[in-house]
Peer 1: 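Shown below is the structure under consideration.
Owing to the predicted nature of the structure, the values given are computational and were not obtained by experimental measurement. Sequence lines set the chain letters: A, B, ... in the order given, protein chains first and strands last, and positions in each chain run from 1.
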Number of protein chains: 4
Amino acid sequence: MGKCKRIGILTSGGDCSGLNAVIRSVVHCACGKGWEVLGIRQATLGLMARPPQFTKLEIDLVDPLLTSGGTMLGTTNKGDPFAFLMADGSVCDRSEEIIAGYHQLGLDALIGIGGDGSLAILRRLAQQGNINLVGIPKTIDNDIGITEHAIGFDTAVNIATEALDRLNFTAASHSRVMILEVMGRDAGHIAIAAGIAGGADVILIPEIPYNLDHICHKIKQRQEKGKNYCLIIVSEAVRTQDGETVTMTNSLGQSRYGGIGQYLADQISNCIGTETRVTVLGHIQRGGTASPLDRLVAAAFGVAAVELIAEGKYDYMVTWQNRQVFAVPIAEAIAQYKTVNPEDTLVKTARGLGIYLGD
Amino acid sequence: MGKCKRIGILTSGGDCSGLNAVIRSVVHCACGKGWEVLGIRQATLGLMARPPQFTKLEIDLVDPLLTSGGTMLGTTNKGDPFAFLMADGSVCDRSEEIIAGYHQLGLDALIGIGGDGSLAILRRLAQQGNINLVGIPKTIDNDIGITEHAIGFDTAVNIATEALDRLNFTAASHSRVMILEVMGRDAGHIAIAAGIAGGADVILIPEIPYNLDHICHKIKQRQEKGKNYCLIIVSEAVRTQDGETVTMTNSLGQSRYGGIGQYLADQISNCIGTETRVTVLGHIQRGGTASPLDRLVAAAFGVAAVELIAEGKYDYMVTWQNRQVFAVPIAEAIAQYKTVNPEDTLVKTARGLGIYLGD
Amino acid sequence: MGKCKRIGILTSGGDCSGLNAVIRSVVHCACGKGWEVLGIRQATLGLMARPPQFTKLEIDLVDPLLTSGGTMLGTTNKGDPFAFLMADGSVCDRSEEIIAGYHQLGLDALIGIGGDGSLAILRRLAQQGNINLVGIPKTIDNDIGITEHAIGFDTAVNIATEALDRLNFTAASHSRVMILEVMGRDAGHIAIAAGIAGGADVILIPEIPYNLDHICHKIKQRQEKGKNYCLIIVSEAVRTQDGETVTMTNSLGQSRYGGIGQYLADQISNCIGTETRVTVLGHIQRGGTASPLDRLVAAAFGVAAVELIAEGKYDYMVTWQNRQVFAVPIAEAIAQYKTVNPEDTLVKTARGLGIYLGD
Amino acid sequence: MGKCKRIGILTSGGDCSGLNAVIRSVVHCACGKGWEVLGIRQATLGLMARPPQFTKLEIDLVDPLLTSGGTMLGTTNKGDPFAFLMADGSVCDRSEEIIAGYHQLGLDALIGIGGDGSLAILRRLAQQGNINLVGIPKTIDNDIGITEHAIGFDTAVNIATEALDRLNFTAASHSRVMILEVMGRDAGHIAIAAGIAGGADVILIPEIPYNLDHICHKIKQRQEKGKNYCLIIVSEAVRTQDGETVTMTNSLGQSRYGGIGQYLADQISNCIGTETRVTVLGHIQRGGTASPLDRLVAAAFGVAAVELIAEGKYDYMVTWQNRQVFAVPIAEAIAQYKTVNPEDTLVKTARGLGIYLGD
């Protein structure tokens with residue numbers, strides 16, 4: 001194990017709050033060891049470019065970024081390198097270019113910050129191209145296995161809860177049903193956490209099918225008690241009792257965020273005629289000052305990832321469990337996609353509070 | 001002038017933050033004089049109902065509501081009493097019922113909190129029915145004449161600015177054009193204030209026509225300087241250079257909030273192909289904890305309104321100018337609908353900062 | 001096990017954010033089962049009073065309190081019932097009065113929300129007087145064993161971090177050493193979490209002795225790199241290398257919060273002459289809107305506590321571990337007082353970031 | 001008037017939120033005109049140094065600083081150049097060195113951002129040394145004449161109000177008197193604005209003498225109504241009815257912030273024995289993300305200051321009145337030191353709400 005290393009770091013997939021805090025932590029810890037840190041631009045696109053695109057990262061550069069949202073390195077959620085969409089519409093495997101870029105930069109190791117999709121791709125590149133990879137989990141959806149917490153989730157829940165706090169007042173003032181649509185195509189962690197914390201009356205998540213009549217019953221039940229309003233939080237994909245998953249698609253047939261809220265509002269309006277309004281939280285969930293917890297976990301992940309490299313322990317992902325960081329094989333983490341389990345504490349909590357959470 | 005009065009208070013039109021702070025202030029001040037305060041439910045609907053619907057307001061009841069959003073009295077932005085839409089689809093003038101409700105409750109005066117539309121209706125009722133009316137201006141749009149500040153505006157600007165702060169990071173991370181659509185059908189005060197405070201690159205408001213080519217030029221100009229992203233804030237109605245106002249309408253042909261952002265995104269995408277995302281801020285603008293400034297103005301308005309009643313000075317609206325409260329005839333205030341004037345400081349400021357604000 | 005129960009709930013010890021969210025959750029869940037919930041006033045003082053002081057809790061009463069700080073039931077951190085300080089200065093054991101109060105109210109069970117001290121006292125009362133006790137951990141210090149999270153901790157860390165975020169700017173602008181003193185007499189969890197999240201340069205906690213020279217060295221080292229300012233967070237008690245714990249005492253010889261920061265500032269000033277300023281965060285740490293995470297855990301704890309009663313499982317405390325709630329014997333939880341362990345992830349993280357954390 | 005100018009900008013006196021937003025605005029506007037902007041380091045110290053200390057300011061450098069607290073240029077509230085305290089303890093007039101520094105840099109004009117003290121000094125330098133000065137008012141105390149708003153005031157009031165919001169809950173939970181000490185030695189603008197917005201029961205400001213008995217009467221009056229707690233906000237200097245101003249002094253006899261709160265707590269405790277706690281808000285008031293209003297005014301001031309230079313209109317200060325910017329002679333502005341006037345709306349508001357505000 002050489003004393004002085006040169007490592008790369010990249011962020012991949014959708015951005016979120018806390019990414020810069022991870023980068024800052026890695027730079028502080030690695031520079032403290034006398035290492036060199038190259039920040040790769042735009043996820044793997046930076047390694048694919050010739051010459052490879054990167055920024056040399058120093059403490060002074062990253063220090064002011066502790067609280068800031070987004071990623072200073074840029075990111076992309078396009079461009080699977082194994083099936084890369086070229087400008088001419090053709091698709092080709094560009095994995096070898098990325099691998100070559102890594103070696104061309106003389107990197108000893110690469111820290112990849114991403115969700116389960118990004119980590120799977122990075123791992124495949126690493127296996128194929130002899131890249132010393134350490135993974136750090138980030139995703140506002142918090143759907144990565146094993147780790148209690150992925151970077152960005154706490155801030156996203158805070159923002160969604162704050163939105164419910166605001167909608168609650170205007171719902172009550174106008175005797176309306178208010179629907180908040182949040183992100184989470186396959187896992188409803190944001191919706192269930194924010195829904196409980198923000199006092200929603202109905203929470204709809206992809207994991208649990210809903211019954212329109214039961215939603216309407218809940219609304220009527222409240223009205224009978226003199227509460228002429230109702231607060232609903234819904235993930236961007238929901239499932240009907242027939243087992244169908246409802247998502248919105250655009251004109252190209254691609255499924256896209258935004259739309260389920262209105263779909264539901266129309267259903268409810270038709271069913272019981274109550275005035276209904278929809279708010280699509282959108283990209284606001286990804287942004288802004290990282291919460292202290294996201295910054296704390298980011299700091300811990302950054303230091304732990306550097307220590308894994310120092311120990312020559314590759315192909316691992318760091319995890320946060322019970323306020324401690326552990327390392328697990330990346331393969332193991334991404335094999336355990338984490339959805340909201342019907343046996344989860346939060347499911348029981350929502351039901352115990354009388355929230356309608358599907359059937 | 002009798003010593004001990006019984007006064008009514010109602011909130012009318014769309015809700016906003018700070019309404020409860022006004023109510024609290026009125027109750028503190030009036031109860032301090034030994035008066036009785038009746039909180040009328042659901043704007044004028046509470047006076048139209050038989051028996052009239054109200055809550056007797058005491059200090060203990062309103063004290064905890066200082067910071068809360070919405071209105072504890074409920075409100076409606078439907079139901080013009082002079083052309084009231086009945087359940088059977090017919091339209092009738094129900095103004096006399098409201099006037100009768102006021103007198104039936106034995107009120108000495110009525111404090112009406114509303115926007116310019118609501119205040120105009122309340123004034124017509126007052127003239128017709130011998131109601132001792134005092135007006136308090138509230139509207140997130142801040143489009144009421146004479147007063148520097150209407151209740152709810154500061155909080156709405158804060159929320160819109162915070163949204164820009166968040167979108168800025170994710171725009172930069174993904175090299176996107178991010179569009180934030182905010183409220184303001186006829187006046188762009190929220191958009192221009194939040195746009196300047198939140199560092200927008202383009203601000204589109206109903207008062208100033210825009211030119212699509214100039215927006216695209218601004219985006220390209222930034223890209224040439226290495227800034228592959230752009231932050232745009234847009235009011236819910238915008239004007240093209242041909243003098244057309246663009247708003248969205250629903251299937252009933254009613255104009256409605258939400259849609260202009262996407263309309264603009266499609267135009268920009270077609271024009272220069274940059275990835276563009278839209279966030280419609282929606283009802284979040286109305287809600288949540290009132291800002292300290294909204295609470296301060298609310299407190300000052302509430303006390304001043306009670307003092308006007310104590311002096312028997314009716315048909316006046318309170319205004320906030322240069323951190324002092326004044327009283328102006330309601331008729332005068334609502335005659336001066338306030339839009340963003342091309343000579344305003346904020347227009348010059350936006351242009352001085354290099355923001356594209358239309359032509 | 002009878003179907004319909006009457007249960008009591010009380011909050012004990014210093015207040016914090018999230019207590020009302022627990023109460024709300026208990027009421028929702030218990031009332032959903034058709035039970036009756038009595039809110040005992042002022043911790044055990046409400047049971048000691050004759051007649052016992054309580055409020056019957058209904059959903060409508062507690063529903064608006066989801067986000068609010070403090071405790072609607074009131075609390076006290078005085079009055080050990082086994083050695084109660086009487087008005088005449090004498091001390092007497094009043095435990096039997098409390099136990100009699102519990103039985104006089106016909107309670108089937110009691111939910112006690114408190115820190116480790118309060119839970120120990122409540123447990124002793126329960127053992128002695130046949131009280132069916134379930135415990136819920138709350139403390140901004142987060143020093144209760146086994147549970148990852150006690151109610152109030154997350155909000156306190158958020159507030160301390162926000163304070164560091166603010167002080168950071170003014171420190172840099174004025175080239176000052178800024179010291180923030182936070183709570184934590186025996187455990188430095190707030191200081192270490194907020195210190196890392198807020199980018200502190202020095203973190204001093206009761207668990208790890210500090211060396212003044214090393215602090216001054218850190219300040220000078222930064223100055224040599226052109227950073228003429230330094231951010232220090234310190235718990236209310238610190239330990240010197242001689243093993244002495246330094247706390248402040250008042251004129252009665254009682255140790256009290258507030259003072260260590262200034263003590264340290266004087267030491268540093270004398271040592272290297274840099275301008276130094278102190279902020280004592282004080283009671284602000286306890287207050288305000290509960291964070292979404294505190295509300296989420298509060299909701300989960302409330303439901304779980306009611307379920308324990310439904311199962312007749314007493315003498316247990318609920319815990320939060322890895323986003324799930326478990327129940328552990330109260331005795332076991334309070335036997336494991338939790339301090340910052342030198343092997344903790346956060347200690348390694350702080351050191352990895354180059355923060356001075358004592359020797 | 002030459003086309004292309006070189007201008008300097010400096011921040012002087014205590015830092016506050018919004019300074020960087022002013023700097024950013026000046027740079028955007030001036031660079032848009034093709035001018036050069038030099039950021040002078042550490043107020044006038046940067047011009048006194050040889051060579052003068054400055055940073056060339058470009059848009060890319062200042063753009064990310066829109067929201068950040070403090071001042072990127074550094075500042076000092078020491079060092080009156082006309083009576084400069086030398087390292088050897090002697091005092092000398094160093095004004096000519098500063099003037100020479102200005103000319104040495106070849107500046108066409110200087111934008112000075114400061115409070116009334118700083119602006120007076122800068123004006124004297126300008127008069128003496130032929131400096132083309134434009135002033136921008138900043139002070140959290142908001143005590144500069146004519147302008148409704150100085151940079152930093154809105155953020156400071158927000159932070160003080162937020163502190164009251166937090167203390168309110170813990171005061172009520174523990175049946176305590178809570179005292180919050182805020183800044184404002186000569187003017188009570190922060191205390192009265194935050195006190196009203198934050199629902200304080202007692203507001204003490206330097207302008208209005210207080211009577212201890214009346215404070216205690218207020219506390220007892222509340223207790224009789226079942227409210228066993230009281231929220232007091234106090235400026236750092238208060239006046240007794242004998243006309244004495246009470247401030248705290250340190251061991252050198254210098255008056256200093258922090259201490260009045262405790263002084264008052266002791267008085268109240270002695271008088272009526274209620275448990276009393278003090279929070280000294282301290283430097284937190286100066287810091288953190290600037291409020292949207294502070295950023296808006298900052299943007300408007302920056303553009304207006306550059307326009308004044310473009311017009312060759314010197315010796316003016318920009319002001320904010322009724323949401324418009326005006327220019328007034330600096331001499332006129334600083335001649336009108338602004339305190340809380342007994343005829344002010346806010347005084348009447350506080351009294352109308354039943355707040356004790358002195359006699």
Peer 1: With rounding to the nearest 0.5 angstrom, report the CG to CD distance, C/N322 to A/E148.
Peer 2: 4.5 Å
Peer 1: Only pairs of heavy atoms separated by less than 4.5 Å count here; which of A/G32, A/A172, A/A193, A/A304 has the most with chain C?
Peer 2: A/A193
Peer 1: Against chain C, work out which of A/D165, A/V157, A/D63 has the most heavy-atom pairs shorter than 4.5 Å and name it.
Peer 2: A/D165
Peer 1: Only pairs of heavy atoms separated by less than 4.5 Å count here; which of C/G354, C/C31, C/A21, C/G198 has the most with chain A?
Peer 2: C/G198
Peer 1: Between C/K225 and A/I59, is any pair of side-chain heavy atoms under 4.5 Å apart?
Peer 2: no
Peer 1: Could you check if a side-chain atom of C/I196 sits within less than 4.5 angstrom of a side-chain atom of A/R295, using non-hydrogen atoms only?
Peer 2: no
Peer 1: Can you tell me which of C/A298, C/A300, C/S291, C/G302 forms the most heavy-atom pairs within a distance under 4.5 Å of chain A?
Peer 2: C/A300
Peer 1: Could you look at A/S25 and say if it's the side chain, the backbone, both or neither that has a heavy atom under 4.5 Å from chain C?
Peer 2: both
Peer 1: Once rounded to the nearest 0.5 Å, what's the spacing between atom CG of A/L66 and atom CG of C/L164?
Peer 2: 10.0 Å
Peer 1: Starting at CD of C/E162, measure out to OG1 of A/T67 and round the result to the nearest 0.5 Å.
Peer 2: 12.0 Å
Peer 1: Quick check on A/K227 against chain C: is it the side chain, the backbone, both or neither that has a heavy atom closer than 4.5 Å?
Peer 2: side chain
Peer 1: Looking at C/R323, C/H28, C/K348, which one has more heavy-atom pairs under 4.5 Å with chain A than the rest?
Peer 2: C/R323
Peer 1: Does a side-chain heavy-atom distance below 4.5 Å link C/T349 with A/L296?
Peer 2: no
Peer 1: Taking side chain as everything from C-beta outward and backbone as N, CA, C, O, which of these in A/L353 sits under 4.5 Å from a heavy atom of chain C? Side chain, backbone, both or neither.
Peer 2: both
Peer 1: Would you mind checking which part of A/D294 comes under 4.5 Å of any heavy atom in chain C, side chain (CB onward), backbone (N, CA, C, O), both or neither?
Peer 2: neither
Peer 1: Can you give me the closest heavy-atom contact between C/A197 and A/P292, atom names plus distance?
Peer 2: CB-O, 3.5 Å
Peer 1: Could you look at A/N168 and say if it's the side chain, the backbone, both or neither that has a heavy atom under 4.5 Å from chain C?
Peer 2: neither
Peer 1: To the nearest 0.5 Å, what is the distance between OG1 on A/T345 and CD on C/Q324?
Peer 2: 4.0 Å
